[in-house]
Amino acid sequence: QVQLVESGGGLVQPGGSLRLSCVASGTIFSPNVMAWYRQAPGKQRDMVASIASTGSAVYGDSVKGRVTISRDNTKNTVSLQMNSLQPEDTAVYYCNVDRRPYGGHQYWGQGTQVTVSS
């Protein structure tokens, strides 16, 4: 069984920063893609950023230039540094580990709430 646990969400003012972290436990094979998604009320779940085992990262257009994704393969963690946050960034942020490109499954965390408001 794979478990992903997010942390670091909370309330931040516009222009502020947050760092989200996710710890993966269980049997997780490599290579894999770790990613952050977000979902606001009434909206679909969108990819914020993803990062492969090699460290290559892809960012969603809405956050490009404002966020940085990183991972530590020795600790099975993935983090998302978010800067210049705006109210439209308010959402539940979910951690994801995806092995579908390698014939496996994907796994989701329960999410952490990020609220950007003055």
Side-chain angles (χ1 to χ4, degrees):
Q1 185 180 23
V2 174
Q3 185 176 26
L4 309 178
V5 180
E6 303 98 333
S7 63
L11 176 65
V12 65
Q13 293 185 340
S17 299
L18 281 176
R19 184 175 179 87
L20 307 181
S21 296
C22 172
V23 179
S25 61
T27 304
I28 302 177
F29 295 102
S30 296
N32 60 68
V33 177
M34 304 186 82
W36 288 94
Y37 287 73
R38 68 184 183 185
Q39 187 168 27
K43 304 289 186 178
Q44 69 177 26
R45 187 173 298 187
D46 292 329
M47 193 270 289
V48 179
S50 65
I51 184 167
S53 296
T54 59
S56 297
V58 176
Y59 295 94
D61 290 340
S62 63
V63 299
K64 195 170 298 182
R66 300 189 296 118
V67 308
T68 302
I69 190 170
S70 61
R71 63 186 288 167
D72 188 334
N73 293 337
T74 67
K75 298 179 180 179
N76 265 354
T77 61
V78 60
S79 297
L80 186 72
Q81 177 67 45
M82 302 188 293
N83 303 318
S84 301
L85 287 165
Q86 300 300 315
E88 50 264 42
D89 296 314
T90 296
V92 177
Y93 285 70
Y94 297 91
C95 181
N96 173 270
V97 175
D98 197 353
R99 296 205 75 256
R100 293 178 299 169
Y102 315 101
H105 303 283
Q106 70 170 335
Y107 309 93
W108 294 95
Q110 291 300 117
T112 184
Q113 176 71 48
V114 171
T115 302
V116 185
S117 176
S118 60

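Everything quoted here is computed from the prediction, not taken from an experiment. For reference, positions follow the sequence shown, starting with 1.
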Undergrad: Just to verify, what does Ala24 make a side chain to side chain contact (heavy atoms under 4.5 Å, CB included) with, not counting sequence neighbours?
TA: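 Here the qualifying residues are Leu4, Ile28, Met34, Asn76.
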Undergrad: Flag yes if more than 12 heavy atoms outside Phe29 fall under 6.0 Å of its CZ atom; otherwise flag no.
TA: no
Undergrad: Check whether Tyr107 reaches the backbone of Gln1 with its side chain - one donor and one acceptor, N or O, closer than 3.5 Å.
TA: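 Not at all, since once roles are kept as given, no pair shorter than 3.5 Å links the two residues.
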Undergrad: Run the numbers on Ser117 and Leu11 for side chain to side chain contact (heavy atoms under 4.5 Å, CB included), then give the verdict.
TA: CA-CA 7 Å; Ser117 176; Leu11 176 65; 4.2 Å; yes
Undergrad: State which residues pass salt bridge (Lys or Arg N to Asp or Glu O under 4.0 Å) with Arg66; sequence neighbours excluded, sorted by chain then number.
TA: Asp89
Undergrad: For residues Ala40 and Ala91, report the shortest heavy-atom separation together with the two atoms involved.
TA: N-CB, 3.8 Å
Undergrad: Is a side-chain donor or acceptor of Ser53 paired with a backbone partner of Pro31 at a separation under 3.5 angstrom?
TA: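 Flag not set: sc Ser53 to bb Pro31 has no pair under 3.5 Å.
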Undergrad: Are Val23 and Val48 connected in a single hydrophobic cluster, I mean Ile/Leu/Val/Met/Phe/Trp/Tyr linked by side-chain heavy atoms less than 4.5 Å apart?
TA: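 Shared cluster, no.
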Undergrad: Grouping I, L, V, M, F, W and Y whenever their side-chain heavy atoms are under 4.5 Å apart, do Val2 and Ile51 come out in a common cluster?
TA: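 Yes, it is one cluster - the side chains of Val2 and Ile51 are joined through contacts under 4.5 Å.
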Undergrad: Over all heavy atoms of both residues, which pair between Val33 and Ser50 is shortest? Give the atoms and the distance, please.
TA: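 Shortest heavy-atom contact: CG1-CB, 3.9 Å.
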Undergrad: Less than 4.5 Å apart, side chain to side chain, heavy atoms only: is that true for Val114 and Arg38?
TA: no
Undergrad: Look at atom CD of Gln113 and say whether more than 12 heavy atoms of other residues, nucleotides or ligands are closer to it than 6.0 Å.
TA: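 It does: Gln113 CD has more than 12 such atoms within range.
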Undergrad: Between atom CG of Leu20 and atom OG of Ser79, what is the distance when rounded to the nearest 0.5 Å?
TA: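 That separation rounds to 8.5 Å.
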Undergrad: Using distance alone, with no hydrogens and no angle criterion, decide if Asn96 and Arg45 have a side-chain donor and acceptor under 3.5 Å apart.
TA: no
Undergrad: Group every Ile, Leu, Val, Met, Phe, Trp and Tyr by side-chain heavy-atom contacts under 4.5 Å, then state whether Tyr94 and Trp36 land in the same group.
TA: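 No; Trp36 is not reachable from Tyr94 via cluster members.
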Undergrad: Supply the atom-to-atom distance Leu80 CG to Tyr37 OH, rounded to the nearest 0.5 angstrom.
TA: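 Atom-to-atom, Leu80:CG and Tyr37:OH are 13.0 Å apart.
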Undergrad: So, taking the atom named OG in Ser30 and the one named OH in Tyr102, what distance separates them when rounded to the nearest 0.5 Å?
TA: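 Ser30 atom OG to Tyr102 atom OH measures 9.0 Å (nearest 0.5 Å).
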Undergrad: Using the rule given for side chain to side chain contact (heavy atoms under 4.5 Å, CB included), can you reason through Cys95 versus Val78, listing the C-alpha separation, both sets of side-chain angles and the distance that settles it, and then say yes or no?
TA: CA-CA 8 Å; Cys95 181; Val78 60; 3.7 Å; yes
Undergrad: Measuring from Ile69:CD1 to Gln81:CD, what's the distance to the nearest 0.5 Å?
TA: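 The CD1 atom of Ile69 sits 12.0 Å away from the CD atom of Gln81.
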Undergrad: Let me check something: do Val97 and Tyr59 share a hydrophobic cluster, defined by ILVMFWY side-chain heavy atoms less than 4.5 Å apart, either directly or through other members?
TA: yes
Undergrad: Any heavy-atom pair between the side chains of Met47 and Val58 that's under 4.5 Å?
TA: yes
Undergrad: In Å, rounded to the nearest 0.5 Å, how long is the span from CD of Gln106 to CG of Asn32?
TA: 12.0 Å
Undergrad: Can you get from Val12 to Val63 by hopping between Ile, Leu, Val, Met, Phe, Trp and Tyr side chains that sit under 4.5 Å apart?
TA: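 Yes.
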Undergrad: Within a strict 4.5 Å, meaning less than it, do heavy atoms of the Arg19 and Ser70 side chains meet?
TA: yes
Undergrad: What pairs meet the side chain to side chain donor-acceptor pair (under 3.5 Å) rule with one or both residues in residues 3-15, with sequence neighbours excluded?
TA: none
